[in-house]
Amino acid sequence: MADALLDDLDDLSDVEPEEEQTFEEKVENNGTGGDDNGGAPDAASTSSASHAADAVPTKQRRPRLLDDASLKSHLSSVRAVKSEDDQKPSSANNYGHDTTTTTKEEDEHQHVLILASNRHLVSLGHEIHRTHLELCRQYHPKFPELEELLTDPFQYRAAIGIIQNEMDVTKANEELNEILSSNQIITISVAGSTTSGRPLADEELNAVNQTCAYLDELKSTQNELTTFVESRMERWAPSVCALIGPALAAQLLASTGGLAELSKIPACNLQLLGKNKSTSASRGGMATQTRTQHAGYLIECDLVQSTPNYLKMKAVKAVAGKLALAARTDHVNVESGRKRTPDVGRMFHEQLRAKFGKWEEPDKAQVVKALPKPDLTTKKRRGGKRIRRMKERFEETEMMKQANRRAFSAESGEYGDDAMGITLGMLDTKEGGAMRNTVEKRKMKQANTKASRKRAVQMSSGATNGLASSMVFTPVQGLELVNPDANRERVRQANAKWFSEDAGFQSALPKK
């Protein structure tokens with residue numbers, strides 16, 4: 001990347017700007033376009049531009065945006081419209097902006113100016129980034145570590161204006177305290193005491209001051225166009241302004257390029273417009289802006305700022321969803337020529353405010369409800385075998401009956417379960433021996449169903465043997481009658497053959 005940038009910067013001294021080319025074409029041909037994000041330069045691009053200080057001649061200057069004829073013409077038109085508005089009697093609305101009636105031609109002319117202002121604001125963001133890179137390259141011989149510690153272009157320019165050619169940075173700590181935090185000042189002081197930089201020559205310092213002055217002009221021009229767009233936002237996007245405010249609406253339109261482009265962006269991307277990229281400096285506590293991660297311009301909305309920190313990201317998502325609907329409503333009204341009113345934005349604003357208030361309410365305490373009135377009336381139950389079998393299955397056992405009975409004039413203990421009335425009842429007395437008496441056990445009647453008959457066959461089929469005397473149903477033979485005396489007769493015959501009185505010794509030799 002460094003070699004490619006060096007080659008592009010070498011081409012800068014060889015190419016002269018042509019009068020027929022636009023400013024963007026001049027910048028592209030000169031190779032100083034840089035990134036198109038318009039944000040702060042990263043460490044790699046800044047250091048690459050800084051190390052190319054010896055390769056770029058100081059006399060050759062690139063074309064600057066403020067010298068562009070189209071921008072000058074646009075600024076003169078904007079200032080003319082402002083002067084005309086100042087001469088007209090105006091009435092202020094709820095937001096403090098001008099709401100005087102204008103003709104259709106004036107509305108179309110101001111709409112064209114707003115769209116052109118948005119395009120020029122994007123170009124100004126790119127030009128600020130390129131000017132910051134040039135300033136880093138010029139001031140790199142004096143304080144090379146400063147460009148990595150202060151990534152914001154305007155903070156970097158303000159620090160240069162205070163430090164200038166002073167080698168002892170600690171002497172400027174009081175003035176730096178007005179623009180930087182204490183953490184940043186300490187880090188800059190430590191880096192300044194160990195820097196490898198050198199004092200700048202008079203020509204180099206003059207070039208640095210000229211670049212700082214040009215950066216200030218860019219900032220003032222950007223603020224002028226932003227103020228113009230904000231003052232006209234209530235007329236072209238009333239619902240968006242009523243929801244998030246004219247300042248944020250102007251920033252969103254400037255970053256997207258217009259109301260039509262804003263209406264095409266989904267809500268999930270709207271909440272990320274203007275998000276700062278995380279760098280090594282921001283992760284190390286040297287962030288120049290305190291914007292929340294994964295959030296952009298919408299984090300600065302008054303609706304979001306009114307919520308506690310743990311609800312801010314949830315509120316940003318809700319505002320982004322309503323903002324997408326409000327932007328589409330304004331765009332449809334502009335395209336169709338219908339009257340543009342802030343009613344939709346105000347309705348969304350009230351809905352979100354009520355919703356955020358509900359989020360902050362504490363959880364309701366659990367209500368202790370009284371038990372329902374018991375129904376003491378006896379209900380009629382259907383009688384029959386099913387109910388009788390259920391009663392037999394769940395009836396109280398004899399042991400539980402004895403435990404639930406209480407003996408009269410029985411002594412009870414003063415401690416333990418006896419004092420609380422938790423005893424064994426009649427089981428703990430002499431009369432409890434009645435449990436040992438034989439109690440007639442009623443046998444529950446078995447249902448005469450197909451399943452019960454099959455279960456009985458399976459349980460009794462495996463119990464057949466020679467000593468059994470019963471009828472067995474087998475799946476093969478059907479009804480089988482077993483004679484219990486048959487096995488006994490076989491045993492008797494075997495004993496008579498071998499162990500009877502007539503039996504004696506027999507010769508094993510064959511008979512002759």
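Just so you know, these numbers come straight off a predicted model, no measurement behind them.
A side-chain hydrogen bond (donor to acceptor under 3.5 Å, both in side chains) with Tyr214 holds for exactly one of Lys219, Glu134, Glu127, Arg64; it is Glu127.
By the side-chain contact (heavy atoms from CB on, under 4.5 Å) test, Thr170 is found to be paired with Asp168, Asn173, Ser189, residues two or more places apart in sequence or in another chain being considered. With sequence neighbours left out, the salt bridge (Lys or Arg N to Asp or Glu O under 4.0 Å) criterion links Asp216 to Arg157. By the ring pair (Phe, Tyr, Trp, His ring centres under 6.0 Å) test, Phe356 is found to be paired with Trp359, residues two or more places apart in sequence or in another chain being considered. Looking at residues two or more places apart in sequence or on another chain, you find a salt bridge (Lys or Arg N to Asp or Glu O under 4.0 Å) between Arg198 and Glu204.
Considering CG of Leu218 and CZ of Phe154, their distance stands at 7.5 Å, rounded to 0.5 Å. The structure places CG of Leu262 at 4.5 Å from OG1 of Thr256, a figure rounded to the nearest 0.5 Å. Distance check, rounded to the nearest 0.5 Å: CD of Gln251 to OG1 of Thr226 gives 7.5 Å. From Leu259, atom CG reaches atom NZ of Lys264 across 11.0 Å, with rounding to the nearest 0.5 Å. Here the straight-line distance linking atom CG of Leu113 with atom CZ of Phe228 works out to 4.5 Å at 0.5 Å rounding. With rounding to the nearest 0.5 Å, the separation of NZ in Lys355 from NZ in Lys358 is 12.0 Å.
The nearest pair of heavy atoms linking Gly192 to Val169 is CA-CG2, 3.9 Å. The minimum heavy-atom distance between Ile160 and Cys212, with the atom names listed, is CG2-SG, 4.1 Å. Nearest heavy-atom pair, Gln155 versus Asp152, reported as atom, atom and distance to 0.1 Å: N-OD2, 3.1 Å. Taking every heavy atom of both residues into account, Gln138 and Leu200 meet most closely at O-CD2, 4.2 Å. Summarising the geometry of Met233 relative to Ala249, their closest heavy-atom pair is CE-CB, 3.8 Å, with the distance given to 0.1 Å. Residues Pro141 and Arg137 approach most closely at CD-O, 3.8 Å, considering heavy atoms.
Heavy atoms from other residues, nucleotides or ligands lying under 6.0 Å from CG of Asp375 number more than 12. In Glu174, the CD atom is not crowded: 12 or fewer heavy atoms of neighbouring residues, nucleotides or ligands sit closer than 6.0 Å.
Contact check for Thr131 versus Pro153: no side-chain heavy atoms found under the 4.5 Å cut-off. His120 is not listed as a side-chain neighbour of Gln222, based on a closest heavy-atom distance of 4.5 Å or more. In this structure, Thr211 and Tyr139 have side chains that are not in contact, with every pair of non-hydrogen atoms separated by 4.5 Å or more. Under the 4.5 Å side-chain criterion, counting only non-hydrogen atoms from C-beta, Leu352 is in contact with Leu243. Residues His132 and Leu215 are not in side-chain contact: their nearest non-hydrogen atoms beyond the backbone lie 4.5 Å or more apart. Annotation: side chain of Cys241 is not in contact with side chain of Pro342 (no heavy-atom distance under 4.5 Å). Between Leu205 and Gln164, some side-chain heavy-atom pair lies under the 4.5 Å cut-off. Counting heavy atoms from C-beta outward, Phe143 and Glu145 have side chains that approach closer than 4.5 Å.
Using modelled atom types, no side-chain atom of Asn165 and backbone atom of Pro199 make a donor-acceptor pair closer than 3.5 Å. Within the 3.5 Å criterion, the main-chain N or O of Ala69 finds no donor-acceptor partner in the side chain of Ser73. Looking at Lys171, its side chain never comes within 3.5 Å of a backbone N or O of Ile163 through a donor-acceptor pair. Ser220 places a side-chain N or O within donor-acceptor distance of the main-chain N or O of Glu217, the cut-off being under 3.5 Å.
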Side-chain donor-acceptor pairs under 3.5 Å in residues 265-274, sequence neighbours left out?
none

Would you give me the side-chain donor-acceptor pairs under 3.5 Å for residues 314-332, sequence neighbours excluded?
| from | atom 1 | to | atom 2 | distance (Å) |
| --- | --- | --- | --- | --- |
| Arg328 | NE | Ser263 | O | 3.2 |
| Thr329 | OG1 | Leu325 | O | 2.8 |
| Asp330 | OD1 | Ser239 | N | 3.4 |
| Asp330 | OD1 | Ser239 | OG | 3.1 |
| Asp330 | OD2 | Ser239 | N | 3.2 |
| Asp330 | OD2 | Val240 | N | 3.1 |

Trace of the side-chain contact (heavy atoms from CB on, under 4.5 Å) decision for Leu150 with Ile188: CA-CA 9 Å; Leu150 296 178; Ile188 290 174; 3.9 Å; yes
Leu225/His74 under side-chain contact (heavy atoms from CB on, under 4.5 Å): CA gap, chis, key distance, verdict: CA-CA 10 Å; Leu225 292 180; His74 177 72; 3.8 Å; yes
Stepwise side-chain contact (heavy atoms from CB on, under 4.5 Å) test for Leu298 and Leu303: CA-CA 9 Å; Leu298 291 183; Leu303 287 171; over 6 Å; no
Derivation and outcome, side-chain contact (heavy atoms from CB on, under 4.5 Å), residues Arg79 and Leu75: CA-CA 6 Å; Arg79 289 162 185 166; Leu75 289 175; 4.2 Å; yes
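Side-chain atoms of Ser181 and Asn183 include no donor-acceptor pair closer than 3.5 Å.
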